[in-house]
Amino acid sequence: MSRAGIVLTPTRPAARAVAGGAPGLETIVTGAGPERARRAAINLSARCRGAPAVAVVTAGPAPAAGPDPLGGPGPEPGDVVVASAVPGPHGPVPVPGASLLAAALARAGLRVHGPAAAGPWGPGASAGANGSNGTNGAHGHGPGAGPADAPGDGDGRAADRVGFGDPEADAEAGWLAAAAGDRPLAAVRVVTPPVPPPGGGTVAPAGLGLAAYRSLRRVGRVLAAWATAVGPRRVLLAEPRSFCAGVERAIEVVERALDRYGPPVYVRRQIIHNRHVVADLEARGAVFVDEVDEAPEGARLVFSAHGVAPAVEAAAAARGQTVIDATCPLVAKVHREVRRFARRGYGVVLVGHAHHDEVEGTMGEDADIRLVSTPADAAAVEVPDPERVAYVTQTTLALDEVEEVVGVLRDRFPTLVGPSAADICYATQNRQDAVRAIADECDLVLVAGSQNSSNSHRLVEVAGRSGSVAHLVDDERDIELAWLAGARTVGVTAGASAPPWVVERLVEALASLGPIEVETRAVTAETVRFPLPEAVC
């Protein structure tokens, strides 16, 4: 009979707690201690056959290690540790997908420590908490980099403190993990009250303790969802995806400025809309400010890829700041178009989204500009002279969205004029075309990008209009297990501001849930490169 999954746990109280939270899982009590775990592991391989996933759940007190050396509180009863590896009899046993599970447990309301969310597998692995130590991706944002806000303390050392890193502290886990064979594996430890010291001391509550018992029940519910998400999959990678030329240029501007002039280098607004990139540059010495008056007079100041209004340039000059302009050349083109239309006496309609940094910069040009976002806005917009109306667009919109709005404007203003070439960024359009090429085959599309990334949101919308369920995720920790239940073909892409290593981590997370076949679908090859500003050449 097919089973949802098996949970291996050394003690009966832990098994009862897990089973109470997830009656669909089969729980097996293996016995406490390394010798019992070894004997159980020998007999488990046949019994686990037919179960799509195996979880090892242990419970025990945290060692008297004191507070977190990173400055956080030490582990407390009821806390959960998710291991990216456990010490096995023949060396560490890797547990891929640990960060995916850790995030799911945190969303269930548990306080989770570890794992090293993207570093080398192993509970003691220490990757830069903000990604600055990655080496395999563009600009140092490699898959060896840990994100800025990994569950718990983010560097994996919690696993050492709570038992997974020490064979003496949790001797059963390695044997039991080895019994999983090639099936998807999870390794979770719940902290119980401390064991009273020899010769007296405070006696812990009987059994697991109430906090640990409640946590184990929640762990069981999450493991049931995890087991349901397990299965073979086809993964379709949309190409092009991830960084575009303008984004690469902007990041390189800040990196070169830091190398040439040394920190601090101030950056007005986020250099691009991706929190991983921002965290990495902050770790290197970049200081992000909302406005120029938050940077010291005479400071070196970088303008972000989204461009700025002339008033911002004037404010920086008044403070004697040395400006390095990282504005994307395609955004700068829109600014030039606005000025050109204004000189010719046109009222300008900007198609874009309010409060976006790019739109704020364009709206600040010395011109009569009206902002519209929807066909309804276009139907209601008032202009000084209906015979002299021009339009420009935000570069990160969806082309079909723009065409609908411009169609309404053209119906209202038959003499409407626009830019000589489409303002929609080539990279935005290419990524949307690539998503369209895969979406109708996908049960689910994952779009890598931060919540404030306009072009990433447009990819979600394009996939949705193509008939697929799509979600925006910063990285694999944002994937909800329920999305994956029954999703056998998953599309993966990334907005133009998302690092390539995020896509690698999404694919690795899917691979941790069962065998995958990866296929890349390319609609075009991008060869565009933009020169750097003189100040950093």
Side-chain angles (χ1 to χ4, degrees), residues 244-247 249-250 269 273 303-315 325-433 453-455 457-458 461-462 496 528 530:
C244 65
V247 164
R249 175 182 183 271
R269 309 284 174 92
H273 286 158
F303 288 155
S304 79
H306 310 103
V308 300
V312 174
E313 296 176 1
D325 191 355
T327 300
C328 173
L330 299 180
V331 174
K333 167 181 167 288
V334 176
H335 283 244
R336 291 194 301 271
E337 287 167 349
V338 169
R339 294 193 292 268
R340 177 170 61 88
F341 287 132
R343 286 195 302 268
R344 294 168 56 189
Y346 283 90
V348 179
V349 177
L350 170 60
V351 184
H353 296 298
H355 310 304
H356 190 276
D357 287 340
E358 180 185 331
V359 167
E360 288 184 5
T362 306
M363 292 290 292
E365 288 290 341
D366 185 15
D368 188 347
I369 306 177
R370 304 288 194 276
L371 176 65
V372 299
S373 300
T374 65
D377 293 341
V381 67
E382 298 293 338
V383 296
D385 183 356
E387 299 299 320
R388 297 189 67 79
V389 183
Y391 77 91
V392 295
T393 71
Q394 181 182 335
T395 63
T396 55
L397 302 181
L399 183 60
D400 50 359
E401 173 186 21
V402 170
E403 288 176 342
E404 190 175 1
V405 175
V406 172
V408 174
L409 290 173
R410 204 173 296 284
D411 288 342
R412 290 194 61 204
F413 312 113
T415 59
L416 181 75
V417 297
S420 56
D423 284 338
I424 301 301
C425 163
Y426 79 93
T428 297
Q429 189 59 52
N430 287 346
R431 281 149 188 73
Q432 292 173 12
D433 291 343
S453 169
S454 173
N455 78 89
H457 277 287
R458 303 295 81 74
E461 294 168 0
V462 167
V528 176
F530 294 131

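- Counting only heavy atoms from C-beta outward, the side chains of Leu409 and Val389 never approach each other to under 4.5 Å.
- For the pair Arg458/Thr428, no side-chain contact is recorded, criterion being any heavy-atom separation below 4.5 Å from C-beta on.
- Note: His306 and His356 have perpendicular aromatic rings, judged against thresholds of 30 and 60 degrees for the angle between ring planes.
- With rounding to the nearest 0.5 angstrom, the CE atom of Met363 is 5.5 Å from the CD1 atom of Ile369.
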Next item on the list: Under the side chain to side chain contact (heavy atoms under 4.5 Å, CB included) rule, what do His355 and Val359 come out as? Steps first, then yes or no, please.
Entry: CA-CA 7 Å; His355 310 304; Val359 167; over 6 Å; no
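- Counting heavy atoms from C-beta on, the side chains of Asp366 and Pro310 never come closer than 4.5 Å.
- Of the residues Arg340, Lys333, Arg339, the one that meets the side-chain hydrogen bond (donor to acceptor under 3.5 Å, both in side chains) test with Glu337 is Lys333.
- Val405 is not listed as a side-chain neighbour of Asp377, based on a closest heavy-atom distance of 4.5 Å or more.
- Of all heavy-atom pairs between Phe530 and Cys328, the closest is CE1-SG, 4.4 Å.
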Note to self: side chain to side chain contact (heavy atoms under 4.5 Å, CB included) for Val406 and Leu416? Distances and angles first, verdict last.
What the structure shows: CA-CA 9 Å; Val406 172; Leu416 181 75; 4.2 Å; yes
Checklist line | Check against side chain to side chain contact (heavy atoms under 4.5 Å, CB included), Glu360 and Arg269 | finding: CA-CA 12 Å; Glu360 288 184 5; Arg269 309 284 174 92; 3.2 Å; yes
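- Between Asp357 and His273 there is a side-chain heavy-atom pair separated by less than 4.5 Å.
- When atom types are taken as modelled, the side chain of Arg431 and the backbone of Ala427 share a donor-acceptor pair closer than 3.5 angstrom.
- Contact check for Gln394 versus Val351: no side-chain heavy atoms found under the 4.5 Å cut-off.
- Counting only heavy atoms from C-beta outward, the side chains of Val383 and Arg388 never approach each other to under 4.5 Å.
- Atom OG1 of Thr395 and atom CD of Gln429 lie 12.0 Å apart (nearest 0.5 Å).
- Thr327 is linked by a side-chain contact (heavy atoms from CB on, under 4.5 Å) to Asp325, Val331, Ala332, counting only residues two or more places apart in sequence or in another chain.
- Atom CG in Asp400 sits 9.5 Å away from atom CD1 in Ile424 (nearest 0.5 Å).
- Contacts of Glu358 classified as salt bridge (Lys or Arg N to Asp or Glu O under 4.0 Å), with partners at least two apart in sequence or in another chain: none.
- What you find for Val381 and Arg370 is that their closest heavy atoms are CG2-CB, 3.7 Å.
- Between Ser373 and Gly352, the shortest heavy-atom contact is OG-O, 2.6 Å.
- In this structure, CG on Asp368 lies 14.5 Å from OH on Tyr346, to the nearest 0.5 angstrom.
- Interatomic distance, Leu397 CG to Glu403 CD, rounded to the nearest 0.5 Å: 12.0 Å.
- When all heavy atoms are compared, the tightest approach of Cys244 to Tyr426 is CB-OH, 4.2 Å.
- In this structure, OG1 in Thr393 is found 10.0 Å from CD in Glu401, a value given to the nearest 0.5 Å.
- Side-chain atoms of Val417 and Phe341, non-hydrogen and from C-beta on, do get closer than 4.5 Å to each other.
- In plain terms, the two heavy atoms of Ala496 and Asn455 that are nearest each other are N-OD1, 2.7 Å.
- Nearest heavy atom pair, residue Val408 against residue Pro375, reads CG1-O, 3.8 Å.
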